[in-house]
Amino acid sequence: MEKLKAELKERIIENLNLEDIEVSDINDNDPLFGEGLGLDSIDALELIVMLDKDYGIKIADPKEGKAIFESINTMATYISENKPA
Amino acid sequence: MDKQVYISKYCHITNNQVFINGELVFENTQTDTTKNYLKSIYKSLDIKYPKFFKMDNFSKIAFLGAEFLLKEEDNKNIAIVFSNNASSLDTDRKHQDSINDLDNYFPSPSIFVYTLPNIGIGEISIRHQLRSENAFFVSEQFNTTQHNTYETSLLTEEKTEQVLGGWVNIDNDEIDVFMYLIGKKGIEKYTKENIQNLYNK
């Protein structure tokens with residue numbers, strides 16, 4: 001799980017062009033939106049594409065995204081539980 | 001009422017240099033990617049605006065040109081009138097590349113949102129809190145007659161107090177930006193001949 005969390009942080013920084021942010025700046029429980037990393041609605045769509053492209057997980061209902069993308073911890077848990085075998 | 005319009009500042013951004021009012025203010029000393037070149041211009045401005053890094057290259061060049069010309073402006077009544085000949089083709093191609101292969105079909109939302117040239121105007125408007133008139137024209141070449149007519153009309157009909165105008169083009173990493181700020185005061189009369197001469201400079 002720790003490996004997955006580190007990988008997610010790297011991919012989020014790269015895919016969302018978070019130029020001034022390092023992996024070490026993101027805590028596992030930090031909110032990704034709002035006061036945390038300050039991601040926006042386009043970033044949310046980009047994360048949905050990332051889950052599909054990199055982990056083979058399709059989110060059918062974008063409303064689910066709010067809970068899934070709350071933090072690195074919630075993302076990692078969701079991926080572990082839903083990744084195709 | 002004095003209807004004469006003046007150019008107050010102008011800016012050129014080329015593939016490796018930036019000029020303000022004809023004076024060199026930035027030069028790229030490394031042979032590198034367009035992305036890194038634009039990043040180095042951004043860094044030279046000493047500003048903190050993380051959204052810059054999320055923009056496509058077209059919006060970045062528009063943003064940078066405007067930053068040089070508007071950074072000391074308090075006026076928010078500034079219209080924006082740009083033109084180019086590549087529209088948003090530079091980014092359209094990147095989007096197309098992501099949807100060409102049906103077995104690897106992952107269009108990026110953050111690329112797709114930039115597949116219109118007037119998004120660059122939007123980025124400038126957000127940055128400088130402008131809620132003014134704006135227009136983006138696509139033409140084969142920089143049409144100084146069209147710019148002059150439209151921009152002078154905006155000013156003389158008091159639709160705006162200043163206009164940020166110009167040619168903002170990028171295609172296959174070839175950058176051609178000529179941007180100017182016009183209004184009631186300035187260093188040179190705003191005529192189509194003068195603006196053409198400054199563009200060619």
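For K94(B), the NZ atom sits in a packed shell: over 12 heavy atoms of surrounding residues, nucleotides or ligands are nearer than 6.0 Å. The neighbour count for E193(B) CD, taken as heavy atoms of other residues, nucleotides or ligands under 6.0 Å away, is above 12. With a 6.0 Å radius and a threshold of 12 heavy atoms from other residues, nucleotides or ligands, K159(B) has its NZ atom at or below the threshold.
Proximity to chain B among residues 47-61 of chain A is limited to V49(A), D52(A), K53(A), judged by heavy-atom separations below 4.5 angstrom. Residues of residues 2-18 of chain A lying under 4.5 angstrom from chain B, judged on non-hydrogen atoms, are L16(A), N17(A), L18(A) in numerical order.
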Quick one: do D20(A) and K43(B) satisfy salt bridge (charged side-chain N to carboxylate O under 4.0 Å, His left out)? Show the steps, please. CA-CA 12 Å; D20(A) 293 330; K43(B) 294 281 182 192; 3.8 Å; yes

In sequence, state the C-alpha distance, the side-chain angles, and the governing distance for E19(A) and K54(B), and then conclude on salt bridge (charged side-chain N to carboxylate O under 4.0 Å, His left out). CA-CA 9 Å; E19(A) 191 76 21; K54(B) 292 172 178 281; over 6 Å; no

Verdict with supporting geometry, F112(B) and L45(A), side chain to side chain contact (heavy atoms under 4.5 Å, CB included): CA-CA 11 Å; F112(B) 178 72; L45(A) 294 174; over 6 Å; no

